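What follows is a single structure, written as structure tokens, with notes after it.
Not measured: the values here are computed from a predicted model. Just follow the structure's listing: the first ligand is 1, and inside any ligand the first atom is 1.
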Amino acid sequence: MTELDAVIEGTGHFLPSNVIDNTHFESFLDTSDEWIQSRTGIRTRCFAAENETTSDLAIAACAEAMKNAGAGPEDIDLIVLATSTPDYTFPATATLVQNALGIRQGFAFDIQAVCSGFVFALASASSFLQTGAATRALVVGAETFSRILDWKDRSTCILFGDGAGAVVLAAQPRGKSQPRRGILASDVKSDGRYRELLYVNGGVSKTGTVGHLTMKGKEVFRHAVSKLAVSTNAALDQAGLTTSDVDWVVPHQANVRILNALMSRLGLENEKLVSTVATQGNTSAASIPLALSMANSKNLFQDGDIVVSQAIGGGFAWGTCVMRW
Ligand code: ACO
């Protein structure tokens with residue numbers, strides 16, 4: 001049987017037009033632009049308009065990814081969409097995207113792994129593609145975190161933003177004499193003992209409300225750096241690679257200090273880091289595909305480059321994907 005690789009054919013992203021700078025928060029919280037920039041590296045983030053939903057952002061990102069890949073609605077038979085802020089409790093936001101884009105075949109579903117959702121989505125979609133269950137997928141991260149922020153909590157509401165990113169991932173026969181391409185390895189993990197460090201205090205079954213994000217920032221910081229470094233090395237090892245093979249690190253964009261600490265823990269120079277956190281804040285599941293798409297639109301990645309993406313979020317759930325571009 002022909003072995004299949006799951007290869008990235010195109011990328012796309014979308015940010016709401018409403019750009020919010022740090023001085024916005026000074027008007028109703030005891031905070032400052034200086035504090036936010038020095039502790040997080042964030043200067044601005046985008047918030048969705050009142051009538052703009054997660055699926056609206058996802059549809060725009062997917063349309064751009066399909067155009068970039070040269071794929072039409074008839075070419076897509078899988079959508080895996082990572083979000084913690086779906087339009088509705090059900091149906092899955094992925095099916096709203098499927099309908100809006102005129103995709104009439106295959107299957108579409110959502111993944112909930114909070115900030116690590118896109119890594120879980122990539123790992124899941126590549127399994128479907130490599131086993132032949134689907135041929136070409138949209139893998140999407142889309143969020144409107146502004147809807148679950150507590151505007152009275154200065155330690156969390158300044159961190160997050162809204163947005164969406166997507167990739168077209170296709171099954172391609174593995175070349176005999178060339179190295180494997182696309183998703184080379186994934187390491188995904190979760191540990192429910194850490195729920196209290198980062199969670200939303202509402203939900204359909206528990207409270208009948210949407211709830212607000214709550215976080216113990218210092219502890220999340222500590223776990224993030226150590227778990228992401230271990231996961232990156234595990235995924236590279238699975239791919240038969242080491243950190244010296246890595247060309248680009250495109251991590252979940254939580255906080256510039258976490259990103260710098262991770263690079264240093266991995267022994268990699270910051271020149272290899274793709275960082276968008278300064279202008280987007282933390283867009284949870286959307287942050288990796290947003291950063292991948294923005295970098296790709298600037299032709300940052302060359303064919304054959306090794307790109308690693310890692311993320312951690314509520315649960316905790318965390319993981320890493322290793323790709324050959
Ligand atoms: N403006 C001014 N002061 C603030 C603000 C603010 N926006 N937020 C907190 N403070 C105050 C605190 O109240 C505290 O005051 P106190 O000393 O009088 O009690 C002081 O600043 C220091 O607070 P710390 O929590 O110790 O600040 P720290 O340097 O740890 O920075 C931060 C806080 C930015 C949240 C940091 O812990 C962090 O980045 N954690 C990682 C969490 C993260 O990025 N989570 C995102 C979701 S998970 C993920 O995506 C990986």
(message) List the protein residues in contact with ligand 1, where contact means a heavy-atom separation under 4.0 angstrom.
(response) Asp30, Thr31, Trp35, Arg39, Thr40, Cys115, Arg154, Ser155, Ile158, Phe160, Leu198, Met215, Gly217, Lys218, Val220, Phe221, His252, Ala254, Asn255, Arg257, Ile258, Asn282, Ile312
(message) Clusters formed by hydrophobic residues whose side-chain heavy atoms approach within less than 4.5 Å: which one holds Ile76, and what are its other members?
(response) Ile59, Met66, Ile79, Leu81, Val97, Leu101, Ile103, Leu138, Val140, Val168
(message) Could you tell me if Asn99 and Arg104 have a donor-acceptor pair between their side chains, going purely by distance under 3.5 Å?
(response) yes
(message) Which residues end up grouped with Val225 if you chain together Ile, Leu, Val, Met, Phe, Trp and Tyr wherever their side-chain heavy atoms are less than 4.5 Å apart?
(response) Phe221, Ile258
(request) Answer with yes or no whether the side chains of Glu26 and Asn22 bring together a donor and an acceptor at under 3.5 Å. (result) no
Contacts table for residues 304-318: side-chain donor-acceptor under 3.5 angstrom, sequence neighbours left out:
| residue | atom | partner | partner atom | Å |
| --- | --- | --- | --- | --- |
| Asp305 | OD2 | Trp248 | NE1 | 2.9 |
| Asp305 | OD2 | Gln302 | N | 2.9 |
| Ser309 | OG | Val250 | O | 2.9 |
| Gln310 | NE2 | Thr232 | OG1 | 2.9 |

(request) Return yes if a side-chain donor-acceptor contact under 3.5 Å exists between Ser231 and Asp187, otherwise no. (result) yes
